[in-house]
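All ligand and atom numbering here is 1-based and tracks the order in the structure. Note that this is a predicted model, so its numbers are computed, not measured.
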Amino acid sequence: MGFRKDFVWGSATASYQVEGAAYEDGKGLNIWDVFCQEPGKIYQGQNGDVSCDQYHLYKQDIADMKEMGQKAYRFSLSWARILPDGEGEPNAAGLAYYDALIDELLRQGIEPYVTLYHWDLPYALHQKGGWLNPDMPRIFEQYAALVSRHFSDRVKYFFTLNEPQCAAGLGYYTGDHAPGLKVGKRDFFAVWRNLLLAHGLGVKALRENAKQPIQVGAAPCSALYYPASDRPEDIEAARTAMFTLPSRDVNDFIWSIASWCDPVFFGRFPQDAVDYFGDCLPQLTKEEAAIIAQPLDFYGQNMYNAVMVRAGKDGKPERVERYDGFPKTAIQWPVTPECMYWAPKFLYERYQKPFLITENGMSSHDWVALDGKVHDSSRVDFMHRYLREYRRAAEDGVDLMGYLAWSSLDNFEWAYGYSERFGLIYVDYQTQKRTWKDSAYFYQETIRANGDNL
Ligand code: GBH
């Protein structure tokens, strides 16, 4: 047993994090271009103006993916590169860039997995209210239609929104991400609603304009949970924790997977969200619910770590505190390989779609050693442990479609700037030289063995 024969091994990036060329060839400004100029928002005032310059170096990056054996590359489109004002006239040079990228991927036998929106909203749309604007779902629909008309002759896999929870939660509620707003509860839920509708209309527009049968999904993130033991009551506690709200705090709503995925798959908010947030929570009409719950072809999820829970005295889920010195990555996230078994299992039970990990990986403080190599032994071990648990889920009957590593190469880590390196390939930002880390060789070997080496 193990992973299926046509398991998709690949890696992922996002436009603002890798492209650079922020002011080239007619690209419009986006909210990250602007946010990065605000003092105090980004580590050492850094920005994505140049980043790893994939805009110019894509052929080299694709050659690396090919050599590593990757079958798929998940990247996102810079909306403002394609539509400088977010709507209206497309920018021919922007479309041409993605044509070239896609054609090169196909030439190298790598399947393009295209994300429409990974947080870089055109600034012109922000000036019209951004995701608070009730016209946004329609505007996104137009953009999705254009993308489908233009690219779906060659692209078969699409994602609407990457981590809408972060776009809404970090962008509009905590203010840690662009556009850096801290709106009140009611406005926050309006953002949530607009994102849900944009997703649904986006799925529709992608399909209606497709030139061939396409597969559409999304790439949400969320808090994840795993049981403290194999006792049935602990497993049940973890399952309950996955799909219920621990409190009435809006932050708990943001990171609970059901807040996003229940509307998307079932057309309704979970009952506890309705109970806790009352009339602040958007009331969805029948028509709206149907738009949001467009059928999807697979279940994508970005996952990095999870919380351990056990059944408390009353049977309710109880968080188990991590022991002192618990393993963690450079960005301080815990190392919890168990999430790769339990989360796909729980999510597959509930949403019943082929499961795809759309992002997984870790940051470490890598550098080029005296021997010219990058010895990221912690990342090799991380991948080994995480993928072993993921394979266990496959062997337990979860329909696993594939695994996309975050990230193809080091890149701009949002508010952390260049201080966190998530790549399989090391980038020297002074020279743009790429160096394979030890984990890249490990991934190459793993792909070759289809995971039988784990
Ligand atoms: C992803 O974000 C992004 O898609 C990607 O662009 C980024 O570079 C990459 O990961 C690495 O950061 O357990 O309730 O606290 C991941 C961001 C961080 C998502 C925190 C949800 C909070 C859930 N995640 N997390 S909770």
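Here the rule is ring pair (Phe, Tyr, Trp, His ring centres under 6.0 Å) with F253, and of W260, Y276, Y173, F189 only F189 fits it. Of the candidates Y43, Y418, W119, Y429, Y418 is the only one forming a ring pair (Phe, Tyr, Trp, His ring centres under 6.0 Å) with F412.
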| query | Where do L387 and T446 land on the side chain to side chain contact (heavy atoms under 4.5 Å, CB included) test, with the steps shown first? | reply | CA-CA 9 Å; L387 284 169; T446 303; 4.2 Å; yes
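At a heavy-atom cutoff of 4.0 Å, ligand 1 is contacted by the side chain of Q17 but not by its backbone. Residue-level proximity to ligand 1 for W333 is carried by the side chain, the only part with a heavy atom below 4.0 angstrom. Heavy atoms of L224 found under 4.0 angstrom from ligand 1: none, in either backbone or side chain. Using a 4.0 Å cut-off between heavy atoms, C221 contacts ligand 1 through its side chain alone, with no backbone atom that close. With a 4.0 Å heavy-atom cut-off, ligand 1 is reached by no atom of V307.
Under the 4.0 angstrom criterion, atom 1 (C) of ligand 1 counts as having a protein heavy-atom contact. Within a 4.0 Å radius of atom 15 (O) of ligand 1, the protein contributes no heavy atom.
Heavy-atom contacts of F422 reach the following atoms of ligand 1: 11 (C), 12 (O) (cutoff under 4.0 Å). Atoms of ligand 1 lying under 4.0 Å from any heavy atom of N162, numbered from 1 in the order shown and given with element: 4 (O). Below 4.0 Å from some heavy atom of E413 lie the following atoms of ligand 1, by number and element: 7 (C), 8 (O), 11 (C), 12 (O). With ligand atoms numbered from 1 in the order given, ligand 1 contributes 4 (O) to contacts under 4.0 Å with heavy atoms of N302. Using a 4.0 Å cut-off to heavy atoms of H118, the atoms of ligand 1 that qualify are 3 (C), 4 (O), 5 (C), 6 (O).
Cation-pi check for R392 over Y341 is met; the charged atom lies under 6.0 angstrom from the ring centroid and within 45 degrees of its normal. Geometrically, R350 does not engage F265 in a cation-pi contact, judged by NZ or CZ lying under 6.0 Å from the ring centre and within 45° of the ring axis.
For atom 25 (N) of ligand 1, the nearest protein heavy atom (residue, atom name, distance) is W255 CZ3, 4.3 Å. At the shortest separation from atom 9 (C) of ligand 1 among protein heavy atoms lies Y304 OH, 3.3 Å. Looking only at protein heavy atoms, the nearest one to atom 17 (C) of ligand 1 is E163 OE1, 3.6 Å. Closest to atom 3 (C) of ligand 1, if we only count protein heavy atoms, is E359 OE1, 3.3 Å.
For D297 and R207, the salt-bridge test passes: some basic side-chain N is under 4.0 Å from an acidic carboxylate O.
For S51 and N411, the side-chain atoms include no donor-acceptor pair closer than 3.5 Å. A donor and an acceptor atom, one from each side chain of Y55 and D25, are located under 3.5 Å apart. Looking at H56 and D53, their side chains do bring a donor and an acceptor atom within 3.5 Å of each other.
A tilted orientation is assigned to the rings of Y157 and F298, their planes being inclined by 30° to 60°. Ring geometry, W414 versus Y16: the interplanar angle falls under 30°, so the pair is classed parallel (tilted spans 30 to 60°).
Within the structure, the closest approach of Y416 to ligand 1 does not fall below 4.0 Å when heavy atoms are considered. Using a 4.0 angstrom heavy-atom cutoff, Q165 does not count as in contact with ligand 1.
Geometrically, ligand 1 and W119 share no nitrogen or oxygen pair separated by less than 3.5 Å. The shortest N or O to N or O distance between S222 and ligand 1 is not under 3.5 Å.
When all heavy atoms of Y386 and C339 are compared, the pair lying nearest together is CE2-SG, 3.9 Å.
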